[in-house]
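Quick caveat: nothing in here was measured; it's all calculated off a predicted structure.
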Amino acid sequence: QVQLVETGGELVQTGGSLRLSCTFSGRTFSSYTMAWFRLSPRGSRDFVAGIRGRGGSGRYSDDAKGRFAVSRDIAKNTVYLQMNNLRPEDTALYYCAADETGGDHIWPEEFGSWGQGTQVTVSS
């Protein structure tokens, strides 16, 4: 069974940066597509960024492009989300998710494993 633990969320000022980390355990990390989602005010889990098993350039929501960067360290079983130039509207609970099929997915229902989330708050 996959377990995901997110860390790194905190209070930051507008324009600041944060790096979120998600540690993966229980299965072979390199086989999984990993992604970051955030909980919207409407209650939906919105895709932020994703990266496939062996890494690569990643995939981003329009809002994240140019500001956020997703990466993974296979040796550490960890996926990261570097967030720069943060805005108040980036405030949310951020979740890490894992997809065992390894596909290029962006919808939350395509991910079978989820962490508990880490809170990011951006003050204006």
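A donor-acceptor pair is defined here as one N or O able to donate and one able to accept, closer than 3.5 Å; no such pair exists between the side chain of T33 and the backbone of R52. A side-chain donor-acceptor contact under 3.5 Å links Y60 to the backbone of V70. Checked by atom type and distance alone, the side chain of E6 pairs as donor or acceptor with a backbone atom of C96 at under 3.5 Å. When atom types are taken as modelled, the side chain of S40 and the backbone of R42 share a donor-acceptor pair closer than 3.5 angstrom. Of the possible polar contacts, none joining the T23 side chain to the T78 backbone as a donor-acceptor pair under 3.5 Å is found.
Using modelled atom types and a 3.5 Å distance limit, the side chains of S61 and D63 yield no donor-acceptor pair.
The shortest distance between side-chain heavy atoms of T118 and T7 does not fall below 4.5 Å. Counting only heavy atoms from C-beta outward, the side chains of Q119 and L11 never approach each other to under 4.5 Å. Counting heavy atoms from C-beta on, the side chains of M34 and R72 come closer than 4.5 Å. Contact of the T14 side chain with the L86 side chain is not registered, since no non-hydrogen atoms from C-beta on lie closer than 4.5 Å.
A distance of 7.5 Å separates CD in Q1 from OG in S113, rounded to the nearest 0.5 Å. Between N85 atom CG and S17 atom OG the span is 8.0 Å, to the nearest 0.5 Å. Distance check, rounded to the nearest 0.5 Å: CZ of R38 to CE of M83 gives 8.5 Å.
Following chains of ILVMFWY side-chain contacts shorter than 4.5 Å, one can reach L20 starting from L4, so the two form part of one hydrophobic cluster. Both V48 and V12 are assigned to one and the same hydrophobic cluster, defined by single-linkage of ILVMFWY side chains at heavy-atom distances under 4.5 Å.
Annotation: side chain to side chain donor-acceptor pair (under 3.5 Å) contacts of R45 (sequence neighbours excluded): none. Taking the ring-ring contact (aromatic ring centres under 6.0 Å, His included) definition, one finds that F29 meets it with F24, sequence neighbours left out.
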Would you sort out whether F111 and F37 count as a ring pair (Phe, Tyr, Trp, His ring centres under 6.0 Å), showing the intermediate values?
CA-CA 11 Å; F111 291 80; F37 290 79; 5.3 Å; yes
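A salt bridge is defined here as a Lys NZ or Arg NE, NH1 or NH2 lying under 4.0 Å from an Asp or Glu carboxylate O, and R87 with D90 fails to meet this definition.
Between Y95 and L39, the closest heavy-atom pair is CE1-CB, 4.1 Å. Taking every heavy atom of both residues into account, A35 and F47 meet most closely at CB-CE1, 4.1 Å. When all heavy atoms of L93 and G117 are compared, the pair lying nearest together is CD1-C, 3.8 Å. Here the closest non-hydrogen pair linking A49 and L81 is CB-CD1, 4.0 Å.
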Output side-chain donor-acceptor pairs under 3.5 Å for residues 97-110, partner residues at least two apart or in another chain, one line each.
from	atom 1	to	atom 2	distance (Å)
D99	OD1	T101	N	3.0
D99	OD1	T101	OG1	2.9
D99	OD2	T101	OG1	2.9
D99	OD2	G103	N	3.4
D99	OD2	H105	ND1	2.6
T101	OG1	G103	N	3.3
D104	OD1	R59	NH1	3.4
D104	OD2	R59	NH1	3.0
E110	OE1	I106	N	3.3
E110	OE1	W107	N	3.1

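By the 6.0 Å and 45° rule, R19 stacks over the aromatic ring of Y80.
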